[in-house]
Amino acid sequence: MKNFALSSLLFLNAVCAVAQTIPPADAPPGSDVTTLEPVTVTGTRENALLSETPAAIGIIASASVRETDPLHPGQILGQIPGVAIAVTNGEGHTTAIRQPFTTSPVYLFLEDGVPIRATGFFNHNALYEVNLPMAGGIEVVRGPGTALYGSDAIGGIINILSRAPTPVTHAEVTGELGSFGTWRGTVSGGSTLGEAGAFQTDLNATHTDGWRDHTAYDRKSANLRIDQQAGNGATLKTIVGVSKIDQQTGANSPLPLADYLNDPTLNRFPIGFRHVSAVRISTEYEQPLGSSLLSFIPYFRDNAMELNGTYNLSSDPRIETTHNVSYGLMAKWRKNFAPLRTRVIVGADVDYSPGSRQEDNLLVTRSGAGASAFYSAYTIGTRIYDYRVTFRSLSPYVHTEFSPTDRLRITAGLRYDTLGFDMENRLPGGTVQASVLGVTKYYGQIPDDDRRFSRASPKLGATYALAPHTHLYASYNFGFRVPSESQLYRAGNDVTAARAAERAQLALGLKPIKANQVEIGVRGELAKWSYDLVAYDLVKRDDLVSQRDLATDVSVNVNAGRTEHRGIEAGIGGPLGAGLRLDTALSYSRQRYVDWVTATANFDGNDIEAAPKVLANTRLTWRPTAAAMVQLEWVRIGSYWLEAGNSPAFGKYPGHDLLNLRASYAVNQHLGVFLRIMNATDKRFADSASVSSNTPVFSPGLPRAFYAGVETKW
């Protein structure tokens with residue numbers, strides 16, 4: 001904390017130096033000094049000035065989504081400082097926001113403010129369930145979520161916004177072809193519903209053969225949004241989202257260094273697959289009542305997946321079939337008061353999500369050993385898990401804002417989550433015996449069970465207008481993450497029935513992971529350039545560490561870890577003249593283990609693996625005419641350790657620099673063409689790197705790829 005205090009002091013000195021270059025406010029006391037235009041909806045679940053929001057929120061506008069035209073979330077979300085998304089398979093991903101690249105449940109994914117999945121059924125790939133390339137905008141809150149969101153949001157919140165309907169009848173059809181058998185077709189359009197409202201619909205069909213062996217990917221998505229007037233000033237916003245995904249999941253199959261460099265198309269897991277279906281329906285009802293607003297959002301979700309995960313094949317091969325539905329309500333009442341521009345929001349979220357999980361052990365055919373093993377076939381073996389589980393939550397919260405002075409705005413909030421699981425096991429108690437890679441293993445079975453968790457989440461923040469276009473902000477946020485159903489009820493296998501039963505029992509003792517963050521920043525505009533600078537200190541406690549019980553010699557995950565995540569982030573953008581614009585998103589962080597003693601080693605003080613210190617995304621955009629655009633993008637991922645021991649024997653992944661090129665031209669108001677070249681210099685790089693079977697392994701990233709298309713609209 002001492003080092004962070006010093007860093008923060010230096011950061012504040014820099015802020016003050018910047019502020020001194022800005023002309024003082026010439027507005028008299030009592031006038032509106034909050035003149036920054038960007039508006040965010042994620043901080044308070046309704047429109048709020050970014051300048052008065054004490055949080056590091058990055059915003060990607062609808063126009064940027066359209067011009068970037070991403071085939072993967074990682075091709076656009078890096079435009080926000082401190083955010084990086086790596087490819088796993090198809091549109092699958094790992095996320096790094098103030099955390100290492102991870103599949104851990106430390107992020108909250110939203111669609112128009114509604115969680116894409118229930119807390120108990122986290123999926124680190126959840127963004128592929130959203131029609132992201134046709135989004136109406138994206139907002140990212142870095143660090144623990146506000147008191148309005150609760151569990152999951154430790155690393156951050158990603159909120160995908162839908163396209164708003166317009167009363168003007170319109171339609172748009174886009175066709176795109178690209179390298180490696182890639183094609184995509186999109187259709188969008190909308191019209192009026194008379195005086196009552198309007199609708200917008202967006203359809204997306206995408207296919208790729210994959211650039212590596214057996215890595216084909218297909219998606220079909222459909223979205224519908226209907227905005228209506230309901231009388232007496234009330235409005236209705238109904239959103240329907242449907243996605244279906246079929247993919248072969250070896251796209252990030254890791255390879256030893258020689259294969260990574262010389263045979264990157266090799267896929268050692270050609271039998272992997274993932275089949276996903278996702279349905280989401282929500283209706284937001286808003287009723288203004290003078291200076292108050294009532295809001296109700298009932299929603300329904302249906303998520304199903306069948307998975308033969310490549311990451312399981314070398315240790316615990318199995319096919320997982322999961323299905324859960326959700327019935328929920330997000331209700332709030334907001335009241336504005338004249339004194340001190342006070343605003344109070346009181347609300348409650350309710351979620352009821354019944355689900356099920358079945359897992360079948362696989363008898364696989366493999367050749368070779370260690371990191372060079374090849375998995376060519378399988379047969380279904382023994383059913384090792386089969387249970388129903390229902391997740392329930394009730395979460396009241398209060399949020400308040402007020403301005404003691406014209407320039408200072410204070411924000412405070414408190415949320416209280418009560419969450420629980422009810423599990424019904426459809427297998428007999430005790431253990432299940434199965435053959436795992438030729439060795440007899442046992443899976444402990446928990447009898448019917450229920451778990452309950454409760455947690456209060458406070459937040460406190462402030463913004464201060466140094467000048468009409470310069471605002472300081474600071475905040476303290478608390479975040480937490482309850483264990484997921486899979487962490488509680490599928491503890492894995494062991495070599496004896498007794499050890500497996502012990503492992504299953506110990507998993508029931510898991511507690512929530514907790515996080516505390518302080519941050520301070522400044523954002524504003526200077527000579528048509530915008531900037532957002534922030535420094536943060538985030539500490540996670542009670543993280544999951546694998547430790548060995550000395551009495552039973554059983555290794556299990558326990559809440560015993562503490563990690564520290566500190567960094568500085570900067571977003572800067574503005575015109576250079578002659579139709580040129582420069583935008584950059586930069587971050588530098590240090591992520592380390594503070595208290596991390598596992599069953600095999602003590603990692604205290606080490607850097608966390610897969611946590612690059614430097615992340616950067618810089619875009620130079622040229623618009624020679626209103627109809628033409630050319631953009632050069634430079635993406636930088638810094639070096640990181642391959643494993644927690646920081647061993648020089650394994651070393652680091654050196655990081656990489658990629659160049660991407662995008663161009664578009666509007667032939668006329670009805671016809672346009674576009675081109676993208678990803679990894680234009682054909683750089684060999686890794687989407688992920690780690691150590692497997694005592695061998696450094698690398699998952700090769702996309703080589704140079706060309707995409708071109710035509711857009712028609714009327």
Side-chain angles (χ1 to χ4, degrees), residues 5 7-59 81 139 141-143 146-148 291 334-345 398-414 458-477 517-537 568-574:
S7 299
S8 297
L9 181 60
L10 295 174
F11 180 78
L12 278 176
N13 286 337
V15 167
C16 291
V18 170
Q20 290 172 1
T21 69
I22 300 172
D26 55 5
S31 66
D32 183 10
V33 296
T34 309
T35 59
L36 290 180
E37 294 182 358
V39 170
T40 173
V41 299
T42 306
T44 61
R45 295 186 179 176
E46 61 180 282
N47 287 347
L49 289 171
L50 183 62
S51 60
E52 294 189 339
T53 303
I57 300 181
I59 299 173
E139 296 186 356
V141 181
R142 283 113 66 193
T146 69
L148 273 66
S291 59
R334 184 257 294 160
K335 174 70 173 178
N336 294 331
F337 299 91
L340 305 181
R341 283 203 304 128
T342 301
R343 167 171 286 192
V344 175
I345 299 174
V398 60
H399 168 99
T400 185
E401 304 173 12
F402 63 96
S403 299
T405 71
D406 294 324
R407 300 181 184 274
L408 177 64
R409 189 151 185 86
I410 304 295
T411 299
L414 180 67
K459 72 168 183 178
L460 181 64
T463 61
Y464 184 79
L466 291 174
H469 298 279
T470 309
H471 295 75
L472 284 173
Y473 62 96
S475 68
Y476 164 80
N477 280 286
Q517 176 185 273
V518 293
E519 66 182 356
I520 183 169
V522 60
R523 55 187 161 226
E525 299 173 358
L526 178 62
K528 296 185 179 180
W529 283 70
S530 63
Y531 60 89
D532 190 343
L533 313 175
V534 61
Y536 66 90
D537 184 356
I568 297 175
E569 299 162 347
I572 303 170

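- No donor-acceptor pair under 3.5 Å is formed between the side chain of Glu139 and the backbone N or O of Ile57.
- Note that OH of Tyr473 and CG of Leu533 are 8.0 Å apart. Values are rounded to the nearest 0.5 Å.
- Listed here is the closest heavy atom pair of Pro81 and Glu569: CB-CB, 4.0 Å.
- With sequence neighbours excluded, the residues forming a side chain to side chain contact (heavy atoms under 4.5 Å, CB included) with Ala462 are Leu408, Ile410, listed by chain and number.
- Inter-residue side-chain proximity for Thr53 and Arg523 is flagged as met; some heavy-atom pair is nearer than 4.5 Å.
- Of all the heavy atoms in Ile568 and Ala535, the pair that sits closest is CG1-CB, 4.2 Å.
- Proximity of Pro54 to Lys459: side-chain heavy atoms (C-beta onward) are nowhere separated by under 4.5 Å.
- The salt bridge (Lys or Arg N to Asp or Glu O under 4.0 Å) search around Arg409 returns Glu52, Glu401, not counting sequence neighbours.
- Atom CG of Leu526 is separated from atom OG1 of Thr470 by 7.5 Å, given to the nearest 0.5 angstrom.
- We find the CD1-CD distance between Ile345 and Glu46 to be 5.0 Å, quoted to the nearest 0.5 Å.
- The two atoms that bring Lys335 and Ser291 nearest to each other are NZ-OG, 2.7 Å, heavy atoms only.
- Under 3.5 Å, the side chains of Tyr536 and Asn477 contain no donor-acceptor pair of N or O atoms.
- By the 4.5 Å heavy-atom criterion applied to side chains, His471 and Thr463 are not counted as neighbours.
- Going from atom OG of Ser475 over to atom CD of Gln517 covers 6.0 Å, rounded to the nearest 0.5 Å.
- To the nearest 0.5 Å, atom CD1 of residue Ile59 and atom OG1 of residue Thr40 are 5.0 Å apart.
- A search for side chain to side chain contact (heavy atoms under 4.5 Å, CB included) contacts involving Thr342 returns Phe337, Leu340, Val344, Thr400, Phe402, not counting sequence neighbours.
- Smallest separation of non-hydrogen atoms from Asn336 and Arg343: OD1-NE, 2.8 Å.
- Between the NE2 atom of His399 and the OG1 atom of Thr411 there is a distance of 5.0 Å, given to the nearest 0.5 Å.
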